[in-house]
Amino acid sequence: MADLKIQKIWQFSYEDFSSAGPCQSEVQRKASQAILNCRSGSLGYNVSQCTECGHLEIHNNSCRNRNCPSCQAAQKEIWVDKRRAEVIDAPYFHVVFTLPHELNPLICCNQKLLYGILHKCCAETVLELSADKNGSGQRPGSSRSSIHGTRNLIIMCTCTALSPGAGLPVMERSVDPPVNSLSR
């Protein structure tokens, strides 16, 4: 059976944690319930029987929640391999913006708004710090993602940016792609 250490931690502490009143989003509550119920039998089960000896095995259903480490380990590895295949062999800068821990309770209760502001500020900062100071006519690009915690379950609000080591030529005017090309 899969290693269910996280589930044991949730079983031991989630009820007390929830009743203590920390702010949780609906997604966090659903993920916690899924982790608690994963492979416990409460989500149903499948029975396999050997046709030769009649041996029976019961397999409890998993939650298949994208946040459950027991269910999504294989899918995560597949996703990581696909992303590695997409990486362009070019120089880049890895920039991490971390917010002070004192802001964690505020961010936990207002994630959509505050992560949006964080991403906007990070983008503006990357553009400002890598501004074209030598007149080469290039503008940097960047890709950003948010992280709300660490593998040790410590809340840490960050925005990670990857910015290429070279810029793109600045266009004379902005050209918006046709709406149809964005839907593909």
Side-chain angles (χ1 to χ4, degrees), residues 1-50 55-87 92-126 142-163:
M1 186 175 220
D3 187 9
L4 301 175
K5 291 179 184 176
I6 296 293
Q7 186 182 48
K8 290 191 186 315
I9 293 169
W10 253 247
Q11 288 169 342
F12 179 74
S13 61
Y14 181 70
E15 189 176 325
D16 291 339
F17 173 78
S18 292
S19 63
C23 202
Q24 294 181 71
S25 69
E26 187 61 26
V27 171
Q28 291 167 327
R29 277 190 286 282
K30 285 182 180 179
S32 293
Q33 289 305 312
I35 291 169
L36 284 167
N37 292 322
C38 188
R39 297 187 181 142
S40 66
S42 63
L43 299 174
Y45 59 89
N46 296 301
V47 178
S48 301
Q49 184 173 18
C50 178
H55 174 76
L56 284 176
E57 283 200 21
I58 297 174
H59 306 278
N60 293 329
N61 290 341
S62 62
C63 66
R64 299 185 65 186
N65 185 290
R66 65 183 286 247
N67 298 298
C68 178
S70 299
C71 293
Q72 301 305 323
Q75 285 85 351
K76 179 192 79 169
E77 292 302 320
I78 291 168
W79 182 87
V80 167
D81 288 342
K82 285 180 180 178
R83 298 300 77 79
R84 280 192 185 122
E86 295 171 348
V87 173
Y92 66 91
F93 298 98
H94 182 205
V95 186
V96 179
F97 300 88
T98 304
L99 295 178
H101 294 292
E102 293 79 12
L103 296 177
N104 288 351
L106 180 66
I107 291 167
C108 286
C109 295
N110 299 289
Q111 290 183 34
K112 187 174 183 177
L113 171 69
L114 295 176
Y115 274 121
I117 293 170
L118 174 62
H119 274 266
K120 185 174 188 247
C121 292
C122 293
E124 290 173 1
T125 302
V126 167
S142 74
S143 173
R144 292 172 309 284
S145 67
S146 296
I147 300 174
H148 188 67
T150 65
R151 289 184 182 161
N152 343 11
L153 303 177
I154 297 170
I155 295 175
M156 180 176 71
C157 302
T158 66
C159 181
T160 300
L162 293 178
S163 186

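More than 12 heavy atoms of other shown residues, nucleotides or ligands fall within 6.0 angstrom of atom CZ in Phe97. Within a 6.0 Å radius of CZ in Arg66, other residues, nucleotides and ligands contribute 12 heavy atoms or fewer. The environment of CD in Glu15 is sparse: at most 12 heavy-atom neighbours from other residues, nucleotides or ligands sit within 6.0 Å.
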Item to complete: Just do the side-chain contact (heavy atoms from CB on, under 4.5 Å) check on Lys8 and Phe12 with the steps written out, would you?
Response: CA-CA 6 Å; Lys8 290 191 186 315; Phe12 179 74; over 6 Å; no

Worksheet item: Is there a side-chain contact (heavy atoms from CB on, under 4.5 Å) between Cys159 and Tyr115 once you walk through the steps?
Response: CA-CA 8 Å; Cys159 181; Tyr115 274 121; over 6 Å; no

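Residues Cys68 and Ile6 have side chains not in contact (no heavy-atom distance under 4.5 Å, counting atoms from C-beta outward). Side-chain contact between Cys38 and Cys71 is present, with heavy atoms from C-beta onward closer than 4.5 Å.
Side-chain atoms of Asn37 do not come within 3.5 Å of backbone N or O of Leu43 as any donor-acceptor pair. The backbone N or O of Leu56 lies less than 3.5 Å from no partner atom in the side chain of Gln49, so there is not a single donor-acceptor pair.
Across every non-hydrogen atom of Asn110 and Leu106, the tightest pair is ND2-O, 3.0 Å. Minimum heavy-atom separation, Gln7 to Leu36: NE2-O, 3.0 Å. The shortest non-hydrogen separation linking Asn60 to Tyr45 is OD1-CB, 3.8 Å. In plain terms, the two heavy atoms of Ala31 and Asn65 that are nearest each other are CA-ND2, 3.7 Å. Nearest heavy atoms, Ala161 versus Val126: CB-CG2, 4.3 Å. A pairwise comparison of heavy atoms in Cys63 and Ala34 identifies CB-O, 3.5 Å as the closest pair.
Atoms NZ and CG, from Lys112 and Leu114 in turn, are 12.5 Å apart once rounded to the nearest 0.5 Å. For the atom pair CD1 (Ile35) and CD (Gln33), the distance works out to 10.0 Å, reported to the nearest 0.5 Å. Atom SG of Cys157 is separated from atom CG of Leu103 by 8.0 Å, given to the nearest 0.5 angstrom. In this structure, CD1 on Ile107 lies 10.5 Å from NE2 on His101, to the nearest 0.5 angstrom.
Using bins of under 30°, 30° to 60° and over 60° for the plane-to-plane angle, the ring pair Trp10/Tyr14 lands in the parallel bin.
Between Lys82 and Glu86 no salt bridge is recorded (no basic side-chain N to carboxylate O distance below 4.0 Å).
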